[in-house]
Every structure is written in C-alpha cells, then in structure tokens.
Amino acid sequence: MSEHLLQKKVTDTFQTRFHEAPAMVVRAPGRVNLIGEHTDYNDGFVLPVAVDRAAWLAIGPRDDSWATVRALDMRNDEKTFPVDRTPSSGGGWSDYPQGVVWALLEQGFAPGGINGVLSSDVPVGAGMSSSAAVEVAFAYAWDQLGGFGMKLSDLALLCQKAENQYVGVNCGIMDQMISACGRAGHAMMLDTRTLERAYFSMPAGIAVVVADSTVRRKLSGSEYNVRRAQCEQAVSILKERFPDITALRDVTPQQLDRFQTDLPEIVYRRARHVVTENNRVLQVARDLFEGRMNHAGQLLLEGHRSLRDDYEVSIPELDTLVQAASEVEGCYGARLTGAGFGGCIIAIADEAAVPDIEARLDEVYDAVYGKQPTVYVTLPDNGVARVA
Ligand code: GLA
C-alpha cells in the first residue's frame, strides 16, 4: 500500500524539525457510530466503526523528561511539557497528550521523554472523535516506546480517564474503545459495561455515507452533562422499584412504561431513548449479520427520531439531512451520529445510490440553508496501529 499523505507529512516534518528519523509512526482513527447513541454512559450497547480518517503521530524518544510536540493542523503550534509530573493544563490541543501523561503517571507508568509531530484528518467538532484519536495515538506510542504492554481496552480506559479528569469532558468509553479496537470492514458491537466486543462485517455492496452539516457543536458539553444527570435521576427513582438496577442498561421498556408516572416527564423521555436505543443496537447488529438492510435502515431512522424527540440532541440541519438522504432510492436509513447539536449524519445505502444521495443532499441543503454539506463514503478501518 502506498504511504498515506499524512504519514509522509508527519515523517518529513519530524525529520526536518528534530534532525533524525522518527522511531515510529502511529495511526489512530476517528469513528462514526452506526447506532447506540448516548447509551455508553448508561452501561449500554454501541455499534461504531473506525473510519479511514485518523490522527497520525511521528514520534521518537529523547533523553530527558520532556515532550515537545508539534501539531501541523494547529498552525504548526508547538508545545513542550514535562512527562515526569502532571503538566499544567492550557486548555488547548496539547491537553490531550498531556492528559495521557497524567493518566499514565496515575496508573504507575513512567512515560518517557519524546519528540512528536501530529497531524489528523478527522474533522474537529464534527462528532467523529478527533480527540479520542489523538489520545489513543499518544497512549499507544508511549506504551510501545516504554514497553508497558497495555491491553488495548486498558489503553482505551486510560484515555477516557484522561478526557474525563484532565481535559474535563465527561464522555463515555465508546470513542476511545473503537479508536483502539476497530477492525477494517467491520462494525464493532461493544458492551460498555463489560467491554466485551463482537465484530460484524459490513455487508458487501453497502456504503456508509457521512454527511457533515458543517455546524460545529456549541454548548454541547453542558447539554451532554445535563443528559447524563437526567439518566442518573431516572436510575435513582427507578431503583426504589427495582433495587438491583445500577444503570438504565438494566431497565426494560416494560418496566419503564409501568412506572412512567414515577418520573418527571422529561426524565421519562430521556430514559425511553436510552432503553429503546439499547434494543435497536442489538437488532441492527443482527440485521447486519443477516443482511437485512431494510430493517436495519428503519431502525436507524427510528433511532434518529428518538434522539430528536425524546433525547432532544438533534438540530434542524441534521433533521433535514436525515430526511433528504432517506428519501433517495437505495438508501436504507440515516441518523445523526455522535453526541448531536451539530456534526454529522450517517446513511447506509447501496453503493450504487451514493452519487444520488450526494446530489440530493447538496441540493436540499443548499435550498434550505444556502450551503453545502461535506459528503463522503467512509470505509471501516482498523483501530490504532504502528504503521512505520
Ligand atoms: C460523545 C461521547 C461518547 C458518547 C457519544 C454519544 O461522542 O464522547 O462517549 O456518549 O457522545 O453517543
């Protein structure tokens, strides 16, 4: 396979900047989620794919206890921070590698000094996990250089901890797990309680189309935390009826309906999204396995309506794209992907229908919003790996 453009870019820049070849180049992908949204912090199921857009990191060891990292996409911004104590957070892109240093130290590892050059083509703020890709790339590189021998799932947990406690974003485990453990040609069903995973190959002739609304998430951090709190509230109320439950994962749709009136109306709707979404994940995985694309597509559309009406994390731009895509012959279904409030939709469709979908999305989006979405087919790719 020919060298990826970004691999060449980070390798060449490393050579010029640090006057030696990098010891290794690591690639960690972004993701789209086929279904299972806002279920991961409820101990539920998710079905993401790692995509062919990734963070690329050229890295080499140095003798002291410092890291110097240049980010090519941040106007070549370069940061130097210590690796033998907690680096102070600056609120910018380097909080991701710094958070990984903090988390490694917390776990008793001693990350070595490094030079690094980073570049990524995962769009930032588009709900495709650009930050998880960066964290996973650095954690994997430090693990390889230091011979820590971490399991990929432990590495993902370490990155989630960095994001939760150092960066201060209270995300679930989905993004880091798929960036670490994705498999080319497959969607990964993850049980976020046990971290057990099962891989489902994408049926032949089916494309995963991504359409980026180009609306960047705003206020999503605080809204995300509000949703999490509402889910926790639902659990604490339902616990009085069902003492054994510890998360919405444990609640069936029947139980929820039976005690609907115990819950404030809004909390009930949030819980209903999570409880029904968990079922949809299991069903879509089975549909992929059995090639039942029509049914899978219907569930994607149902999932979108649930996110729009019950969980209230969609925006009109995403609704418009979902509606437009789903009207095209050969498109099975579509939904927003990621946390919501902006970012992307995905559609699953026959490969032959992709040009029509693209044309339709361009036309409708232009007519309603006077702008173009960025539309492309994404190929399910591998999780983190050393590529050189
Ligand atoms: C963000 C978080 C994930 C997950 C999704 C919603 O991407 O990082 O952990 O909660 O939102 O499904």
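In listed order, ligands and their atoms are each counted from 1. What you see below is based on every heavy atom in this structure, not just the backbone, and it leaves out hydrogens, waters and symmetry mates. Along the sequence shown, residues carry numbers from 1.
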Just which atoms of ligand 1 are under 4.0 Å from any heavy atom in Cys171? 2 (C), 8 (O), 9 (O)
Do Asp52 and Thr378 have side-chain atoms, one donor and one acceptor, less than 3.5 Å apart? yes
Atom 3 (C) of ligand 1 sits nearest the protein heavy atom Asp40 OD2, 3.3 Å
Could you list the residues that satisfy side chain to side chain contact (heavy atoms under 4.5 Å, CB included) with Lys151, not counting sequence neighbours? Ser153, Asp154
Under 4.0 Å from a heavy atom of Gly172: which atoms of ligand 1 are those, numbered in the order shown and with their elements? 9 (O)
Is a side-chain donor-acceptor pair under 3.5 Å present for Asp309 with His273? no
Heavy-atom contacts with Tyr41 under 4.0 Å: which atoms of ligand 1 show up? List them by number with element. 10 (O)
For Gly343, is there any backbone N or O sitting under 3.5 Å from a side-chain donor or acceptor partner on Ser213? yes
Identify, by atom number and element, the atoms of ligand 1 in contact range of Arg31, meaning under 4.0 Å from any of its heavy atoms. 7 (O)
Verify whether one side chain among Ser201 and His186 offers a donor that lies under 3.5 Å from an acceptor in the other. no
Val26 side chain reached by Val387 side chain, heavy atoms, under 4.5 Å: no
Checking the N or O distance criterion of under 3.5 Å, is ligand 1 in contact with His38? yes
Of Asp175, Val313, Ile178, the residue with the heavy atom nearest atom 1 (C) of ligand 1 is Asp175
Under 4.0 Å from one or more heavy atoms of Met174, ligand 1 contributes atoms 4 (C), 5 (C), 12 (O)
